[in-house]
Amino acid sequence: MGFLAGLDSFITALLGLLGSWGAILGCVFILFESIIPILPLSVFITLNFITFGPIIGFIISWVFTCLGCMMSYYIFKHGVSEKYFLKLKEHPQFGKIVKVVENMDFANIVTLIAIPFTPAFLINIAAGVCRVDAKKYFYALLIGKISLVYFWGYVGVSLIEALKNPIILVKVVIIVIVVYIASSLLSKKLKIK
């Protein structure tokens, strides 16, 4: 229990030290997370929720997540030639995602984007190289990212609160498991592996 209290104090002190700069840095990282998928989106969303509160933190995270995804979309829409696109389609996992995204209607794209465990980076690339209509993809992002940002913000803040009250951790784990199972079922329904 002493470790959890120490970790909570460290996080509180770090946020106090960084202040608004930490959240601004988090926003920049959210933009780049859509292009460089090794960055942890959930951590940056949590940082914004803790620093700015649930409403402003949500809006900032949602806006920057959508902007980052559109940046990634445009990079691959205009930066990938037809020849390179054909080579990308040969990759087993990427080829399956491209095939799925090419044949999706608006509602399915929104659903795919909203699933918290979907590899957003691959979806952005697939939508860009498949030449999905920019307006259609942008509106799908605006709608789909609402649930994704809320989910990661809630889970992240709850994990921080769980440092003070470990019972909250059980609730968060149950929520993550339920969402993961729902994500798996939706992925199977949309034929994404």
Side-chain angles (χ1 to χ4, degrees), residues 8 11-12 14-15 18 20 22-73 101 104-124 126-127 135-190 192:
D8 181 51
I11 291 169
T12 305
L14 183 63
L15 288 175
L18 294 175
S20 297
I24 291 168
L25 188 61
C27 293
V28 171
F29 283 141
I30 286 174
L31 280 175
F32 288 110
E33 187 276 335
S34 300
I35 299 166
I36 306 167
I38 58 170
L39 299 173
L41 178 64
S42 58
V43 171
F44 305 127
I45 291 174
T46 300
L47 179 65
N48 287 337
F49 270 62
I50 291 171
T51 304
F52 294 112
I55 295 172
I56 302 298
F58 168 82
I59 292 169
I60 290 171
S61 298
W62 175 64
V63 167
F64 278 90
T65 301
C66 291
L67 287 175
C69 287
M70 285 307 292
M71 279 174 42
S72 178
Y73 165 84
V101 171
M104 282 189 151
D105 62 6
F106 181 76
N108 285 339
I109 292 176
V110 170
T111 304
L112 185 64
I113 290 168
I115 299 171
F117 296 99
T118 301
F121 176 70
L122 288 178
I123 303 305
N124 295 335
K135 188 184 275 188
K136 175 182 172 181
Y137 193 64
F138 181 67
Y139 289 135
L141 283 171
L142 291 179
I143 297 168
K145 290 295 183 182
I146 291 171
S147 64
L148 181 127
V149 169
Y150 180 78
F151 173 80
W152 287 121
Y154 175 78
V155 167
V157 171
S158 296
L159 283 174
I160 299 296
E161 290 173 6
L163 297 175
K164 299 175 187 170
N165 182 4
I167 293 173
I168 294 173
L169 186 59
V170 174
K171 293 178 185 176
V172 170
V173 168
I174 290 169
I175 288 170
V176 170
I177 289 170
V178 168
V179 170
Y180 181 77
I181 291 169
S183 296
S184 297
L185 294 173
L186 279 170
S187 293
K188 285 179 184 176
K189 184 178 179 184
L190 296 173
I192 298 172

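Small disclaimer: the values here were computed from a predicted structure and weren't measured.
- Atom CZ in F138 sits 10.5 Å away from atom CD1 in I143 (nearest 0.5 Å).
- Remark: S61 engages N48 in a side chain to side chain donor-acceptor pair (under 3.5 Å) (not counting sequence neighbours).
- By the 4.5 Å heavy-atom criterion applied to side chains, I146 and F58 are counted as neighbours.
- Remark: Y137 engages Y73 in a ring-ring contact (aromatic ring centres under 6.0 Å, His included) (not counting sequence neighbours).
- A heavy-atom distance below 4.5 Å is not found between the side chains of I113 and L148.
- Taking OG of S72 as the start and CG of L31 as the end, the distance is 11.5 Å to the nearest 0.5 Å.
- For the atom pair CZ (F32) and CZ (F64), the distance works out to 11.0 Å, reported to the nearest 0.5 Å.
- Crowding of F121 atom CZ: a count of heavy atoms from other residues, nucleotides or ligands under 6.0 Å exceeding 12.
- Across A140 and I109, no two heavy atoms sit closer than the pair CB-CG2, 3.5 Å.
- Between W62 and I45, every side-chain heavy-atom pair lies at or beyond the 4.5 Å cut-off.
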